[in-house]
Amino acid sequence: MIFDDLLDANRRYRAEFHDSGVPGTAARALAVLTCIDSRIDPLAMLGLRAGDAKIIRNAGARVTDDALRSLILAVNLLGVTRVCVVPHTNCAMADSTDGEIRARIEAQRGVDTAGWDFLATTDQLAALHDDIDKIGRCPLLPSDLQVGGFLFDVHSGALLPVEPR
Ligand SMILES: [Zn+2]
């Protein structure tokens with residue numbers, strides 16, 4: 001079957017698995033919003049373990065309504081007091097426009113994605129600042145929530161703090 005490799009791996013995983021007993025709250029009071037890029041390992045990147053942080057991912061690490069939905073729950077119910085927003089270098093969502101992405105999808109797959117907002121940007125830092133502002137403006141999040149912007153370098157592994165605007 002198409003998922004057999006994963007089920008095989010899980011059999012090995014669960015043979016070694018021990019329930020650490022950590023609760024569903026974030027032990028390090030942290031939420032991380034990062035990209036779906038498969039080169040990013042959010043826990044390893046930040047020295048975290050399972051139980052430490054809420055990890056939210058979407059293409060481009062953008063503060064969408066759904067990312068806010070998860071943040072509102074994480075902050076108000078699950079012990080989160082600080083948020084890292086972590087887009088990355090060499091991101092497909094950060095060097096093109098939505099129009100270009102729609103054209104690529106159409107060319108490669110013949111699929112018309114008109115009407116979909118992919119939130120691509122050609123100014124990644126401006127988008128990051130806008131997204132951090134969006135978290136700050138959310139009335140369902142506390143004003144003392146700590147929000148940091150970072151850029152992850154997928155080639156060096158470095159996490160580069162982005163100064164607030
Ligand atoms: Zn990306």
Side-chain angles (χ1 to χ4, degrees), residues 2-3 5-6 9-10 13 26-75 78 80-138 140-141 145-165:
I2 194 143
F3 300 115
D5 57 332
L6 307 177
N10 179 257
Y13 176 72
R28 302 275 293 271
L30 175 68
V32 180
L33 170 61
T34 193
C35 184
I36 61 172
D37 193 291
S38 43
R39 294 169 291 188
I40 299 173
D41 181 345
L43 296 184
M45 169 177 83
L46 298 169
L48 303 172
R49 298 183 302 181
D52 281 346
K54 301 300 172 188
I55 309 294
I56 304 162
R57 300 185 77 155
N58 63 38
R62 300 304 309 275
V63 177
T64 61
D65 284 352
D66 195 64
L68 278 177
R69 178 183 71 89
S70 293
L71 279 177
I72 289 163
L73 293 166
V75 169
L78 299 168
V80 167
T81 62
R82 51 186 181 149
V83 180
C84 294
V85 183
V86 190
H88 64 98
T89 60
N90 199 226
C91 182
M93 303 302 294
D95 61 2
S96 39
T97 64
D98 271 16
E100 289 164 348
I101 286 177
R102 286 195 194 96
R104 281 169 54 197
I105 294 172
E106 173 97 43
Q108 290 184 28
R109 304 288 298 178
V111 174
D112 179 2
T113 56
W116 282 89
D117 193 356
F118 291 108
L119 305 180
T121 179
T122 54
D123 190 339
Q124 189 177 37
L125 283 183
L128 175 57
H129 288 304
D130 289 347
D131 281 351
I132 289 170
D133 289 348
K134 195 170 173 184
I135 293 172
R137 285 196 311 271
C138 179
L140 300 178
L141 294 171
L145 181 66
Q146 302 293 313
V147 183
F150 302 83
L151 190 66
F152 178 68
D153 185 324
V154 294
H155 295 303
S156 73
L159 186 71
L160 308 166
V162 172
E163 290 299 315
R165 183 159 54 187

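Counting starts at 1 for both ligands and their atoms, in listed order. Numbering of residues begins at 1 and proceeds along the displayed sequence. What you see is a predicted model; the values in this text were computed from it and never measured.
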Arg57 side-chain N/O to Asp37 backbone N/O, donor-acceptor pair under 3.5 Å
yes
Sorted by chain and number, sequence neighbours left out, ring pair (Phe, Tyr, Trp, His ring centres under 6.0 Å) with Tyr13 holds for Phe17
For the backbone of His88 and the side chain of Gln124, can you confirm whether one donor and one acceptor N or O come within less than 3.5 Å of each other?
yes
More than 12 heavy atoms from other groups under 6.0 Å of CZ on Arg39
yes
The side chain to side chain contact (heavy atoms under 4.5 Å, CB included) partners of Ser70 (sequence neighbours excluded) come to Ile56
Hits for side chain to side chain contact (heavy atoms under 4.5 Å, CB included) against Leu6, two or more places apart or cross-chain, chain-then-number order -> Phe3
Taken by chain and residue number, the protein N/O/S atoms under 2.8 Å from the Zn ion (ligand 1) read Cys35 SG, His88 NE2, Cys91 SG
